[in-house]
*Asks:* 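First the structure, which I've put down as structure tokens, then a few questions once you've had a look.
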Amino acid sequence: FSNTYFTYVGNNRVIRDTMITKIPVTDTSEIYEYTYDGSGKMTQHIRSKKESGTLEFTDIETFTYNGAGLCDKASRYFYAHGNWTLQRELSITYNTAGKEIERIEKLFPANENHEKTIHTYDASNNDILELRYSWNNNAWEHMSTDTNLFTGSLRTESRKYQKKNGNWVYDERERCAEGNAPTSVK
């Protein structure tokens with residue numbers, strides 16, 4: 001069986017999410033606890049899980065926000081053998097319209113598998129170019145490019161290019177007309 005219980009504070013924010021699960025007799029219950037800042041933004045998320053019959057910490061995520069109230073940093077720590085170990089760091093920068101322009105995700109403990117994404121927007125804040133990079137131990141390596149064409153705010157075409165085996169490959173073309181739902185079908 002499985003049941004989920006929520007604990008709220010006076011302002012209707014969830015501060016605890018308890019999931020009680022027994023499959024079929026093993027208790028794998030989990031508890032998520034949330035902390036918020038004065039403006040109501042989540043600053044911390046702690047997860048605990050029953051292992052070997054005891055509720056133990058498994059991971060924690062922390063969040064910080066810029067002056068515009070957008071999340072600009074997040075970190076995830078994994079709990080093992082009585083220690084918190086950094087597993088992932090995320091840094092995000094935004095343009096003045098609040099659109100993400102750069103995202104860097106670092107994975108630990110290895111100095112590899114880090115990813116960076118850079119967005120370029122047109123004058124209407126349409127995401128026209130997305131570049132993805134992978135860390136190759138000493139520099140960012142360009143791995144893929146997505147381009148988008150817009151008519152006004154409607155995306156009409158998307159093209160994807162990827163680096164495979166050291167060569168650039170035209171991967172996909174998608175024609176679309178977002179927001180243009182038909183009014184009737186024959």
Side-chain angles (χ1 to χ4, degrees), residues 1-95 97-119 127 130-146 160 162-164:
F1 73 92
S2 179
N3 289 314
T4 302
Y5 301 94
F6 298 96
T7 305
Y8 296 86
V9 289
N11 52 14
N12 290 326
R13 287 191 203 109
V14 174
I15 58 168
R16 179 180 274 202
D17 178 355
T18 307
M19 294 181 285
I20 300 172
T21 308
K22 292 191 181 202
I23 309 172
V25 292
T26 304
D27 187 352
T28 59
S29 297
E30 297 181 42
I31 293 178
Y32 296 84
E33 296 180 275
Y34 309 96
T35 306
Y36 301 89
D37 66 13
S39 65
K41 299 205 178 300
M42 185 184 303
T43 57
Q44 186 172 274
H45 166 259
I46 299 174
R47 179 176 172 233
S48 304
K49 186 173 182 176
K50 274 209 175 163
E51 301 285 343
S52 308
T54 311
L55 196 62
E56 300 174 2
F57 289 124
T58 58
D59 56 84
I60 184 172
E61 289 185 278
T62 60
F63 309 94
T64 62
Y65 301 87
N66 64 19
L70 301 168
C71 181
D72 60 357
K73 288 187 180 18
S75 300
R76 184 172 194 263
Y77 296 84
F78 180 72
Y79 191 78
H81 310 294
N83 296 309
W84 289 105
T85 304
L86 181 61
Q87 188 177 36
R88 179 184 67 125
E89 278 186 335
L90 183 65
S91 300
I92 305 169
T93 56
Y94 302 89
N95 66 14
K99 299 278 191 170
E100 182 179 305
I101 55 175
E102 182 178 83
R103 171 186 293 256
I104 297 175
E105 183 174 6
K106 294 181 179 179
L107 303 176
F108 297 94
N111 188 23
E112 56 189 53
N113 298 322
H114 301 329
E115 294 181 0
K116 176 166 73 169
T117 306
I118 297 175
H119 297 270
D127 190 356
E130 181 180 292
L131 305 172
R132 288 191 203 100
Y133 298 84
S134 180
W135 184 255
N136 68 8
N137 291 323
N138 60 6
W140 290 108
E141 182 179 356
H142 186 189
M143 300 303 292
S144 70
T145 298
D146 293 358
K160 299 178 185 305
Q162 288 192 346
K163 199 171 200 180
K164 294 182 180 178

*Asks:* Between CZ of Phe78 and CZ of Arg76, what distance do you get to the nearest 0.5 Å?
*Replies:* 8.0 Å

*Asks:* Going by the rule side-chain hydrogen bond (donor to acceptor under 3.5 Å, both in side chains), which residues pair with Arg88 if we only count those two or more places apart in sequence or in a different chain?
*Replies:* Glu61

*Asks:* Would you indicate whether Phe57, at its atom CZ, is surrounded by more than 12 heavy atoms from other residues, nucleotides or ligands within a distance under 6.0 Å?
*Replies:* no

*Asks:* Taking all heavy atoms of Gly98 and all of Leu70, pick out the closest pair and write down the distance.
*Replies:* CA-CD1, 3.7 Å

*Asks:* Is there a side-chain contact (heavy atoms from CB on, under 4.5 Å) between Lys160 and Thr145? Walk through the geometry before answering.
*Replies:* CA-CA 6 Å; Lys160 299 178 185 305; Thr145 298; over 6 Å; no

*Asks:* Does the side chain of Tyr32 reach to within under 4.5 Å of the side chain of Met19, using non-hydrogen atoms?
*Replies:* yes

*Asks:* With no hydrogens and no angle check, is any side-chain donor or acceptor of His114 less than 3.5 Å from a backbone partner on Leu107?
*Replies:* yes

*Asks:* What pair of heavy atoms forms the shortest contact from Arg13 to Gly40, and how long is it?
*Replies:* NH2-CA, 3.1 Å

*Asks:* Any side-chain heavy-atom pair from His119 and Leu131 closer than 4.5 angstrom?
*Replies:* no

*Asks:* Just by distance, do the side chain of His142 and the backbone of Ser144 share a donor-acceptor pair under 3.5 Å?
*Replies:* yes

*Asks:* If you compare all heavy atoms of Ile60 against all heavy atoms of Trp84, which two are closest, and at what distance to 0.1 Å?
*Replies:* CG2-CZ3, 3.4 Å

*Asks:* What is the minimum heavy-atom distance between Leu86 and Ser75, and which atoms define it?
*Replies:* CD1-CB, 4.2 Å

*Asks:* Determine whether Tyr79 and Asp59 satisfy the following criterion, side-chain contact (heavy atoms from CB on, under 4.5 Å), listing intermediate values before the conclusion.
*Replies:* CA-CA 5 Å; Tyr79 191 78; Asp59 56 84; over 6 Å; no

*Asks:* Partners of Glu100 by side-chain hydrogen bond (donor to acceptor under 3.5 Å, both in side chains), sequence neighbours excluded?
*Replies:* Arg103

*Asks:* State the OG1-CZ distance between Thr35 and Phe63, to the nearest 0.5 angstrom.
*Replies:* 10.5 Å

*Asks:* Are Thr43 and Tyr36 close enough that some pair of their side-chain heavy atoms sits under 4.5 Å apart?
*Replies:* no

*Asks:* Using the test ring-ring contact (aromatic ring centres under 6.0 Å, His included), find all partners of Trp140 that sit at least two apart in sequence or belong to another chain.
*Replies:* Trp135

*Asks:* Roughly how far, to the nearest 0.5 Å, is the CE atom of Met42 from the SG atom of Cys71?
*Replies:* 10.5 Å

*Asks:* Can you tell me how far CZ of Arg16 sits from CD1 of Ile46, rounded to the nearest 0.5 angstrom?
*Replies:* 10.0 Å

*Asks:* Is the shortest side-chain heavy-atom distance between Asp127 and Lys99 below 4.5 Å?
*Replies:* no

*Asks:* Heavy atoms, side chains only, cut-off 4.5 Å: are Tyr8 and Ile15 in contact?
*Replies:* no

*Asks:* So which heavy atom on Glu141 is nearest to which on Asn136, and how close?
*Replies:* OE1-ND2, 3.7 Å

*Asks:* Can you confirm whether the side chains of Thr93 and Asp72 place a donor and an acceptor under 3.5 Å from each other?
*Replies:* no

*Asks:* Do the side chain of Thr58 and the main chain of Arg47 share a donor and acceptor less than 3.5 angstrom apart?
*Replies:* yes

*Asks:* Could you grab the distance from atom OH of Tyr133 to atom CD1 of Ile104, nearest 0.5 Å is fine?
*Replies:* 11.0 Å

*Asks:* Any side-chain heavy atom of Ile31 within less than 4.5 Å of one from Leu55?
*Replies:* yes

*Asks:* Could you tell me if the side chain of Asp17 sits less than 4.5 Å from the side chain of Tyr5, heavy atoms only?
*Replies:* no

*Asks:* Nearest 0.5 Å, what's the NZ-OG distance between Lys106 and Ser91?
*Replies:* 7.0 Å

